[in-house]
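A short worksheet on the structure shown next.
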Amino acid sequence: MRPLIAIISARFRLLLQYRAAALAGLCTQVVFGLIIMMVYQAFYRSAPDTQHPLSIGQVITYVWLGQALLAMLPWNGDPEIRALVRSGGVAYELLRPVDLYIYWYARAIALRTAPTLLRAVPMVIMAMTMFGMKPPSDVGSAVGFAIVLVGTLAMSCAITVLVGITMMWTISGEGIIYLLPSVVTLLSGMLVPIPLFPAWAQPILEILPFRALVDAPYRVYLGDIPLEQLGWILLHQWVWIVVLIVLGRHLLKRGLTRLVVQGG
Amino acid sequence: MNDLALYVRYLGISLRGQMQYRVSFVLQTFGHFLVTAIEFISIWVLFDRFDRLHDWSLAEVAVFYGFINVSFALADAFGRGFDMFGNMVKSGDFDRVLLRPRSTVVQLAGQELTLRRVGRLIQGAAVLAWGCHALELTLTTERVALAVLVVGGNFALFSGLVVVQATMAFWTVETLELMNSFTYGGVHAAQYPISIYGKWLRRFFTFIVPLAATSYFPIVAFLNRPDPLGSPAWMAWVTPLAGFAFLAGSLCLWRVGVRHYTSTGS
């Protein structure tokens, strides 16, 4: 356990160095958040009388929550692992006296939390004071949100590592990495909240793992998913996390047996 | 060899280089196509739920979306050299460019013509074609002229933005990600008619980054429908020129930047 905490904290401190990048990213996200928010406002104004699954106020909070936690989504693999597989440096990774999967998973935890912490706090403060984001509907949803968010992080890291492992097959890593952000943002409910999807698509999206990344935590925050359903949400989330981890470990084992160390 | 011939030659080299990795090229193009297609799915989902966006239909928004993506794909493909400029300043490689007795703009623009952007281009063109078909727009000389004007104006505007972003690197060394909010944010915003946004955002995209001028007004004329913002019809023919003015301005800024350049050494 000790080496893992050391890995996480070292990576964490390293990633916190990129403060200027975080600031630039923050500005970009504010602009995007505003544009997305105005698009929703325009859509809701076009059909003011009909009953929608989410109110415009809820959607606005959802949008800003999404911008605040964007860095937590598994929208890329660990760029350094990609470089390691390409250059052959992955050989050094094999020499370390820790389980490779757990080591990569620990790196992923740092990769997904450090940038999020840098961005989320200022983003939430700005969005709540200026752009109409609301706090959780009650204490219960706030606690529920925090619990679901732990699973979100666990799943995000599992997907990050899984993508890193597929690199052993593709080397250049262009294929999956390229499609990942689009697939994840669409299927998780990041681009459009899942309740706004056509009725036929919703059961499919609710079975797939990705909803646990965005749809589940955000709607618990909004109070749109009542706390009585929290058990099901967590069951869905953690079953998928276990599946993704088992799959990742299995692929890693197979990948290592056929791994060719690039370079000399 | 004059600048144009040199430029064409540069592009030829870049294309041949990319064609060495044919499978990778096909996969990347296909990937690019899918990525942009998923973007359009999200617009479709919203229309499926809300039916209309003010008085705009999905087919009309498709025309906006198509035009913006076609022009952005072109600008992105041709402007790649400027996009990578930050690294050049950091490594000091720009010294070499300065030593050659040729325009810096031609040398940078000729660095790469990114072929895989064809994916976004095809997707944008397909959505545009579908929109025109659904609206039963006939092909008149006026429409073709407007289409050329829209693509040209937006291409110039986006190229100008890439040049401005590169120019910043003369002062900051690092390419500022900040400019992405103008380019990508602009692309995202202009996929919808600009009339749906709040006043200040509309002003921003009219007077600072003139996307309303290069896309909104001429596309409204292209659709042959009255403008909810109440602009007169002749404006459509004049405003796209703002894109070219923006590009000219950014090239002037580039000159100032080149004079300001100090090598990082090493």
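Just so it is clear: chains get the letters A, B, ... in the order the sequence lines come, proteins before strands, and each one is counted from 1.
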With a 4.5 angstrom heavy-atom cut-off, is it the side chain or the backbone of A:Y40 that approaches chain B, or both, or neither?
side chain
Given that the side chain runs from C-beta out, which part of A:P195 has a heavy atom under 4.5 Å from chain B: side chain, backbone, both or neither?
backbone
Check this for me: B:W56, atom CH2, are more than 12 non-hydrogen atoms of other residues, nucleotides or ligands nearer than 6.0 Å?
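Count over threshold, so yes.
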Take the angle between the ring planes of B:F94 and B:W254 and call it parallel below 30°, perpendicular above 60°, tilted in between.
perpendicular
Which of the residues B:D48, B:D55, B:L46 is involved in the greatest number of heavy-atom pairs with chain A at under 4.5 angstrom?
B:L46
Max heavy-atom pair count under 4.5 Å with chain A, selected residue of B:F47, B:F50, B:F182
B:F50
Going by residue number, which parts of residues 193-203 of chain B are within reach of chain A, meaning a heavy-atom gap below 4.5 Å?
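So the qualifying residues are B:I196, B:Y197, B:G198, B:W200, B:L201.
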Checked A:S46, A:A47, A:C27 vs chain B; the most non-hydrogen pairs under 4.5 Å come from A:S46
Shorter than 4.5 Å, heavy atoms on both sides: which option in A:V183, A:L26, A:V39 has the most such pairs with chain B?
A:V39
Over all heavy atoms of both residues, which pair between A:A212 and A:Q237 is shortest? Give the atoms and the distance, please.
O-NE2, 3.3 Å
Inter-residue atom distance [X].[atom1] - [Y].[atom2], 0.5 Å rounding:
X	Y	atom1	atom2	answer
A:D215	A:T152	CG	OG1	10.0 Å
A:L70	A:T185	CG	OG1	9.0 Å
B:L128	B:I68	CG	CD1	11.5 Å
A:Y62	A:I56	OH	CD1	13.5 Å

Between B:F67 and B:Y216, does the ring centre distance come in under 6.0 Å?
no
Ring centres of B:F85 and B:F170 under 6.0 Å apart?
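So the answer is yes for these two rings.
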Working note: B:I43 + B:Y192, criterion side-chain contact (heavy atoms from CB on, under 4.5 Å); need CA distance, chi angles, decisive distance, verdict.
CA-CA 9 Å; B:I43 297 180; B:Y192 296 96; 3.4 Å; yes
Side chains of B:E39 and B:Q123: is there a donor and an acceptor less than 3.5 Å apart?
no
Donor-acceptor side-chain pairing of A:Y218 and A:Q58 below 3.5 angstrom
no
Taking the six-membered ring of A:W240 as reference, does the cationic atom of A:R211 (NZ for Lys, CZ for Arg) lie under 6.0 Å from its centre and within 45° of its axis?
no
Does anything in residues 197-204 of chain A get under 4.5 Å of chain B by heavy atoms, and if so which residues?
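When heavy atoms of chain B are the reference, residues 197-204 of chain A contributes A:F197, A:P198, A:W200, A:Q202 within the under-4.5 Å range.
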Pick one of side chain, backbone, both or neither for B:Y184, based on which atoms fall under 4.5 Å of a heavy atom in chain A.
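For B:Y184, heavy atoms of backbone and side chain both lie under 4.5 Å from chain A.
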